[in-house]
There are 2 protein chains.
Amino acid sequence: MRKISESTVRRLCGYLRLLEEFQRAGKTTVSSDELALRGHTTPAQVRKDLSFFGSFGKRGLGYDVCDLTERLRDIMGLDKNYRVALIGAGKIGSALVQYRGFSDRGFDIVSVYDNDETKVGTSWGDVAVRHVSALESDLAVAPIQIAIIATPASEAQATLDRLVQLGIKAVLNFAPTQLDHPADVTVQNVNMAVELETLSYALRSCG
Amino acid sequence: MRKISESTVRRLCGYLRLLEEFQRAGKTTVSSDELALRGHTTPAQVRKDLSFFGSFGKRGLGYDVCDLTERLRDIMGLDKNYRVALIGAGKIGSALVQYRGFSDRGFDIVSVYDNDETKVGTSWGDVAVRHVSALESDLAVAPIQIAIIATPASEAQATLDRLVQLGIKAVLNFAPTQLDHPADVTVQNVNMAVELETLSYALRSCG
DNA sequence: TACTATTTGTGAATCATTTCACAAACAGTC
DNA sequence: GACTGTTTGTGAAATGATTCACAAATAGTA
């Protein structure tokens, strides 16, 4: 299939969220116009995004909310659950473990790793913090599909290398550094400092 | 000045980070090649990005590390400090307040607000949590330049509306919802569920 | 000074994404 | 069934971003 741009994929996430909202509100059909308005984009963009995957609407009527929700879930691979490991039991890690938004969407943080002996063994909610040295043996027994790196920047690359070695293909990186990785491994970066700096740039013109 | 694309601005943040690293390592000059290699981009891209703002290098030699660092800081508006308010004293908020990366770069979280009476009055590090109702009067006395929204999604839009009313022009939004705002207000979204869903999409083809 | 080895800065070309515009499809009404 | 008012799906056009390719500039050397 033709390569889909990342911006399209991100917009699809947005449509899905809106559709769920519409569903809760009892709406049964929705037009590209409505999706565009609520999703901060254009009707043409909505239709083009969807058209990469098929044609899900009815001309003159719009899209069936339930059907399109289903289809998008399927397209995005959100019909299954994912086992997620968190590496780094610091401030950010702690916030992530407790965040409902993940488990609500089928991303279950099943284990937490750290190299700080004082943290190892303690319980975070219903997951125990384990020593990173157990990573290899643990994953051999109970594989995971996604890893979250929330270590200091200095350890992030080494951590990623180990994860790659273990065959992990999807990583969410919170360490504020660009990581090298093979092309078949997807690394999504969340860098809050960059977001703030983008705001700083935007403020240049203001007082 | 010509409108600069967001991708360019984000890359500039990356160059700045690399330059600081080079500086710590004692390097005095750097070429677009080196920046590109370490920054996961191309030399042409580096030069083009910089060329939007001027010409900072010496042909045949490359860029002076200190000088370019200085220039980029200036371009990005990172020569000043910013006063930041955090709205929402939940899990994410707590992680953000403690995160060194912000203050290190001149973004000082000077106040935290919540509408939960049991949280109001407690101290988070050296900032006390205040009731959101104090927002207007507080900002009249001590203005802020940037706000971070870390409330539940349901309250995010109302919170943003208030911030806009107060003249805030830059907002970092952690609530998993698209917010409406005037064109002269910049809102950067950090949506971790979207990042994970992007990974889910990337994993489609894998086992 | 002349020559070499680099590396920048930038128009032009390529590639990607978004927007336009309109035929095709559908429900409702007379 | 014919007509009307919608809204999709999609090539084509426009816009935007990245890459190419090369002249211009520089330091070093002899």
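Chain letters run A, B, ... following the sequence lines, proteins first, then strands; residues in each count from 1.
A donor-acceptor contact under 3.5 angstrom links the side chains of Glu155(A) and Asn115(A), judged on distance only. Side-chain contact, Gln157(B) with Asp161(B): a donor N or O sits under 3.5 Å from an acceptor N or O.
Using a 4.0 Å cut-off, no side-chain N or O of Gln45(A) falls inside it from OP1 or OP2 of dT17(C). Proximity of Arg11(B) to the phosphate of dT18(D): a side-chain N or O atom is located under 4.0 Å from OP1 or OP2. Between Tyr63(A) and dG9(D) there is a side-chain N or O to OP1 or OP2 distance below 4.0 Å. Within the structure, every side-chain polar atom (N or O) of Ser51(B) is placed at least 4.0 Å from both OP1 and OP2 of dG9(C).
Between the CG atom of Leu61(B) and the P atom of dT6(C) there is a distance of 13 Å, given to the nearest Å. Residue Glu6(A) contributes atom CD, which lies 12 Å from atom P of dT18(C) at whole-angstrom precision.
Rounding to the nearest 0.5 angstrom, the gap separating the CD atom in Gln45(A) from the OG atom in Ser32(A) is 11.5 Å.
A cation-pi arrangement is present between Arg204(A) and Tyr201(A), with the terminal nitrogen or guanidinium carbon under 6.0 Å from the aromatic centre and inside a 45° cone about the axis.
Proximity of a side-chain donor or acceptor of Arg83(A) to a complementary backbone N or O of Pro143(A) within less than 3.5 Å is detected.
Of the residues in residues 17-39 of chain A, those lying under 4.0 Å from DNA chain D by heavy-atom distance are Ser31(A), Ser32(A).
Residue Arg47(B) has its side chain nearest to dG9(C) when only dG9(C), dT17(C), dT8(D) are considered.
With DNA chain D read from its 5' end, the first of the two nearest nucleotides for Lys48(A) and Gly62(A) is the one closest to Gly62(A).
Among all heavy-atom pairs drawn from Arg162(B) and Val132(B), the shortest one is NH2-O, 2.8 Å.
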